[in-house]
2 protein chains.
Amino acid sequence: MATTSTSGTGCPVYLGANVFGDRWTLLILRDMMLHGRKTYGEFLESGEGISTNILASRLRSLEEEGVVWRRQDPQNRRSFHYGLTEKGMDLIPLLLEIIRWTGRHFTMNQARTDLVRRIETDRDGLVAEIRDRALSITAG
Amino acid sequence: MATTSTSGTGCPVYLGANVFGDRWTLLILRDMMLHGRKTYGEFLESGEGISTNILASRLRSLEEEGVVWRRQDPQNRRSFHYGLTEKGMDLIPLLLEIIRWTGRHFTMNQARTDLVRRIETDRDGLVAEIRDRALSITAG
DNA sequence: GTTGAGGACTTGCATTATGCAAGTGATTAA
DNA sequence: TTAATCACTTGCATAATGCAAGTCCTCAAC
């Protein structure tokens, strides 16, 4: 599945689809961006029930693509932290665009509706906020 | 407009991923949005080589989701035209966001680079332009 | 320092999705 | 009336996914 940048037609959509055109990958990125999750165990807990082997393979390919980094926790050496690289943080607008679209075409609860409104009225501010939170995880 | 969520947690990203979180689906949408393709045969010709059964199943589910419509060509009754619904056209910004991201993180040719610049400097104008072209297909 | 629990993964195997080649059925142009 | 188009199905081999269980550290408690 994971193809190199030389294969295909060189089409941007094709290249992008090879990186994040996968339901589980998008959900992992969502958990990093919006829910502050950072460890393998935390990603497993996300409501949708990703299985362990898939989670491992997706994290590995995201790391290989340079979208996320992985570091051993110095405080607890059996734990590893995952986080967004600059390339990964540059996907925040894309994720917000997904949420905006879904918000316009599906019904959802108040909290979600509020988030969609925020995306439509203050997209850049929200991107900056999410980015800052991600950076604080990098630093911690 | 508003569809109800049957599966998952109701998370917007999850819902969205179920509609377009698939490499072939994204490429079909790209062909509609950027290359003016509208028939089964034209989608098959796209460089990446989608197979016939997958193309059929993706077009069917996009139609079921209300993202694309399908009509028999009155001039040639064995041909069918596919096009973007309003819900589908509302995915144009998302597709452009994919292209923008890829443009920033992969190397690509001049034409693609120009498109990325256009996305960054005149996103709304470009969205309107693509939308108008899609509408003209609807009318034709 | 041994025991047990965490944490992050592998591995094996059944099920499902994909990819390829070939076939079908309804038009339509020759 | 025949041959070519067009939009698909169908059958089957291969690859990806999902589930349960197991492995290999590391850490905390006794």
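In what follows, chains are A, B, ... by sequence order, proteins preceding strands, each numbered from 1.
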message = Check this for me, if you would: do E48(B) and R23(B) make a salt bridge, where the nitrogen-to-carboxylate-oxygen distance has to be below 4.0 angstrom?
response = no
task = Inspect the contact between E64(B) and K87(B) and indicate whether a charged nitrogen and a carboxylate oxygen are less than 4.0 angstrom apart.
result = no
At 4.0 Å (heavy atoms only), tell me whether [X] reaches a base, stays on the sugar-phosphate, or touches nothing.
X	value
S79(B)	sugar-phosphate
Y40(B)	base
N76(B)	sugar-phosphate
Y82(A)	sugar-phosphate
R23(A)	nothing

Which listed nucleotide ([options]) is nearest to the side chain of [X]?
X	options	answer
T39(A)	dC8(D), dA7(D), dA8(C)	dA8(C)
R70(A)	dG12(C), dC9(C), dC27(D)	dC9(C)
R78(A)	dT28(C), dG18(D), dG7(C)	dG7(C)

key: Rounded distance in Å - CG (D22(B)) to C1' (dA17(C))   = 11 Å
query = Between CD1 of I98(B) and CZ of F20(A), what distance do you get to the nearest 0.5 Å?
reply = 4.5 Å
query = Of G49(A) and Q75(A), whose nearest nucleotide on DNA chain D comes first from the 5' end?
reply =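 Upstream on the strand: G49(A).
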Pairwise side-chain contact, R100(A) with P93(B), heavy-atom cut-off 4.5 Å (strictly under) =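 Answer yes - side chains close enough.
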